[in-house]
Structures are given as C-alpha cells and as structure tokens.
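For this chain, numbers begin at 1 and follow the sequence in order.
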Amino acid sequence: MKEIYLAGGCFWGTEHYFKQIHGVVNTEVGFANGETENPTYKEVYTDQTGYAETVHVIYDEQIVDLEFLLNMFFKAIDPVSLNKQGHDEGTRYRTGVYYITDDQLPIINKVFAEQQAQLSQPIAVECQPLKNFYTAEEYHQDYLDKNPNGYCHLPTALFEFARQARS
C-alpha cells in the first residue's frame, strides 16, 4: 500500500470523493503541516495553528497510481484559489499535496506542470513534504456517510464521476 496526504478544502467532501475511487483502500481526515501538537478541530478552525484540513489517502498501487490520484485531485479543487474552496475560506481550507517519500516528488511535479499548462493563472496548491498529521475527531471521519445531507462544497456529480473513473 502507498499513501499521500491531500488538502482540498473542507475535508468532509474531499474524503468522500477519494473514497469513491477504485483502488483507494482507506481514508482518514485530519490536520496537516501545522505548528501545534494534537490540535482539535475547534483550534484549527481559528486559523491560528497553521494546519490544513487534509485527507490521508491509502491506495493500492496495483490498482491506482499516484499520477491518476493527483489528476483526480485537480478535478475536485479550484487550483488557483488561495485559502478558499467553494464557500469555505481560511488558511485551513488551503489546497496542498503533502508527500512522505522523495520518490513521489517527480510524479507530483509532472502532474503540477501538466495542470499548470492548462491554466492562465499560477497554481495555488502547496507541494510540501508532510511535516505532521493529526487525526481529526471521530465525528469528522466518514462524515458524509454518517450525514448524507451534510454540507459539502463539492457537487454530488463529482462523487459519481470518481466512482466511474479508472486509471
């Protein structure tokens, strides 16, 4: 199994989106690359901790590869929006790709370059090594499964798109 950490705005919808993709075997929402230890959602929500709402994605590389997952990530975000996705604003909603091994970087750089070539504005998505990650409280895990009518900045059609997508 391989893993990557993806910040795509509100982690409820981002997690639900990635759970639909064939080959993703587990997801977990939490907070990445901040400044404090063991932050709570309430603390992160203040935008004073430096954390981004992030989804830890574990995937089976025999079924889906990192390049495909990153291209799917770009379909679910506004890559030129800084600290804002949908109606959610603040540094906690910034977009980012946080990698854990250096061998992931060439693939990430390739996808970023291909995505940038399609845009007229610079990409605002962070690309950094994972500094830290803390799991969010249990009620945030699988939130849209538990609350099917819960708030989500992503259109529901995107979830069906993810279910149908194959690498």
Side-chain angles (χ1 to χ4, degrees), residues 1-34 36-47 49-79 81 83-101 104 108 125-126 128 130-167:
M1 295 299 133
K2 298 283 185 170
E3 55 189 313
I4 191 74
Y5 293 78
L6 302 170
C10 176
F11 53 25
W12 294 342
T14 305
E15 178 189 39
H16 195 70
Y17 175 71
F18 278 97
K19 284 175 56 174
Q20 309 309 310
I21 299 173
H22 182 65
V24 170
V25 296
N26 195 42
T27 57
E28 176 182 42
V29 299
F31 316 109
N33 284 24
T36 60
E37 285 191 34
N38 239 358
T40 65
Y41 180 77
K42 188 175 181 181
E43 291 168 340
V44 171
Y45 198 82
T46 67
D47 273 347
T49 63
Y51 283 96
E53 289 194 13
T54 302
V55 180
H56 176 199
V57 177
I58 299 173
Y59 60 98
D60 183 340
E61 196 176 37
Q62 301 300 314
I63 299 172
V64 64
D65 61 26
L66 181 59
E67 183 174 349
F68 181 80
L69 289 174
L70 292 173
N71 280 309
M72 291 295 288
F73 172 69
F74 274 93
K75 291 181 185 320
I77 63 167
D78 176 351
S81 181
N83 300 330
K84 182 179 187 309
Q85 291 293 304
H87 296 296
D88 300 318
E89 294 187 50
T91 57
R92 66 193 173 277
Y93 296 122
R94 70 187 182 271
T95 53
V97 173
Y98 308 117
Y99 57 94
I100 55 169
T101 60
Q104 293 175 311
I108 295 167
V125 181
E126 291 182 333
Q128 299 176 351
L130 181 72
K131 182 168 70 173
N132 51 26
F133 179 82
Y134 293 95
T135 303
E137 295 87 345
E138 180 57 35
Y139 74 93
H140 292 292
Q141 306 302 324
D142 304 309
Y143 183 84
L144 291 178
D145 289 335
K146 297 172 189 171
N147 303 278
N149 296 319
Y151 167 78
C152 183
H153 71 287
L154 296 175
T156 56
L158 202 55
F159 301 135
E160 183 59 30
F161 170 76
R163 271 190 290 279
Q164 301 299 322
R166 295 288 186 266
S167 60

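Residues V55 and Y5 fail the side-chain proximity criterion, which asks for heavy atoms closer than 4.5 Å. Contact check for S81 versus T95: no side-chain heavy atoms found under the 4.5 Å cut-off. Looking only at side-chain heavy atoms (C-beta outward), Y93 and H153 stay at 4.5 Å or farther from each other. Contact of the I108 side chain with the Y99 side chain is registered, since non-hydrogen atoms from C-beta on lie closer than 4.5 Å. Looking only at side-chain heavy atoms (C-beta outward), K2 and I58 stay at 4.5 Å or farther from each other. Annotation: side chain of F73 is in contact with side chain of V97 (closest heavy-atom distance under 4.5 Å). Taking the side chain as every heavy atom from C-beta outward, D145 and H16 approach each other to under 4.5 Å.
In Y151, the OH atom is crowded: over 12 heavy atoms of neighbouring residues, nucleotides or ligands sit closer than 6.0 Å. Atom NZ of K75 is surrounded by 12 or fewer heavy atoms from other residues, nucleotides or ligands within 6.0 Å.
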K131 vs Y98, side chain to side chain contact (heavy atoms under 4.5 Å, CB included): CA-CA, chis, key distance, verdict | CA-CA 8 Å; K131 182 168 70 173; Y98 308 117; over 6 Å; no

Go through the steps to decide whether R92 and T46 satisfy the test side chain to side chain contact (heavy atoms under 4.5 Å, CB included), and finish with yes or no.
-> CA-CA 9 Å; R92 66 193 173 277; T46 67; over 6 Å; no

Where do E53 and D88 land on the side chain to side chain contact (heavy atoms under 4.5 Å, CB included) test, with the steps shown first?
-> CA-CA 11 Å; E53 289 194 13; D88 300 318; over 6 Å; no

Just do the side chain to side chain contact (heavy atoms under 4.5 Å, CB included) check on T54 and L6 with the steps written out, would you?
-> CA-CA 5 Å; T54 302; L6 302 170; 5.6 Å; no

List the atom pairs, with distances to 0.1 Å, where a side-chain N or O of residues 21-28 and a protein N or O form a donor-acceptor pair under 3.5 Å, not counting sequence neighbours.
residue	atom	partner	partner atom	Å
T27	OG1	E15	OE2	3.0
E28	OE1	H56	ND1	3.4
E28	OE2	T135	OG1	2.8

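The distance from atom CZ of R94 to atom CD1 of I77, rounded to the nearest 0.5 Å, is 13.5 Å.
Using modelled atom types and a 3.5 Å distance limit, the side chains of Q128 and N33 yield a donor-acceptor pair. Between the side chains of N83 and T91, no donor-acceptor pair is found at a separation under 3.5 Å.
Residues G90 and D47 come closest through the heavy atom pair CA-OD2, 3.0 Å. In plain terms, the two heavy atoms of W12 and L144 that are nearest each other are O-CD1, 3.8 Å. Nearest heavy-atom pair across L154 and T14 is CD1-N, 4.0 Å. The shortest non-hydrogen separation linking T40 to E43 is N-OE1, 2.9 Å. The shortest heavy-atom contact between L130 and N132 is CD1-O, 3.4 Å. The shortest heavy-atom contact between G13 and F159 is O-CE2, 3.6 Å.
A salt bridge links D142 and K19; the closest N-O separation between the charged side-chain nitrogens and carboxylate oxygens is under 4.0 Å. Classification of E138 and K146 as a salt-bridged pair holds, one side-chain N sitting under 4.0 Å from a carboxylate O.
Remark: the backbone N or O of E61 is not paired with any side-chain donor or acceptor of D65 at under 3.5 angstrom. Between the side chain of N147 and the backbone N or O of N149, no donor-acceptor pair lies under 3.5 Å. At least one donor-acceptor pair closer than 3.5 Å links the side chain of Q104 to the backbone N or O of T101.
Residues Y139 and Y143 keep their aromatic ring centres 6.0 Å or farther apart. The aromatic ring centroids of F31 and F133 lie 6.0 Å or more from each other.
A tilted orientation is assigned to the rings of F11 and Y41, their planes being inclined by 30° to 60°. Using cut-offs of 30° and 60° on the angle between ring planes, the pair Y134 and Y51 is perpendicular.
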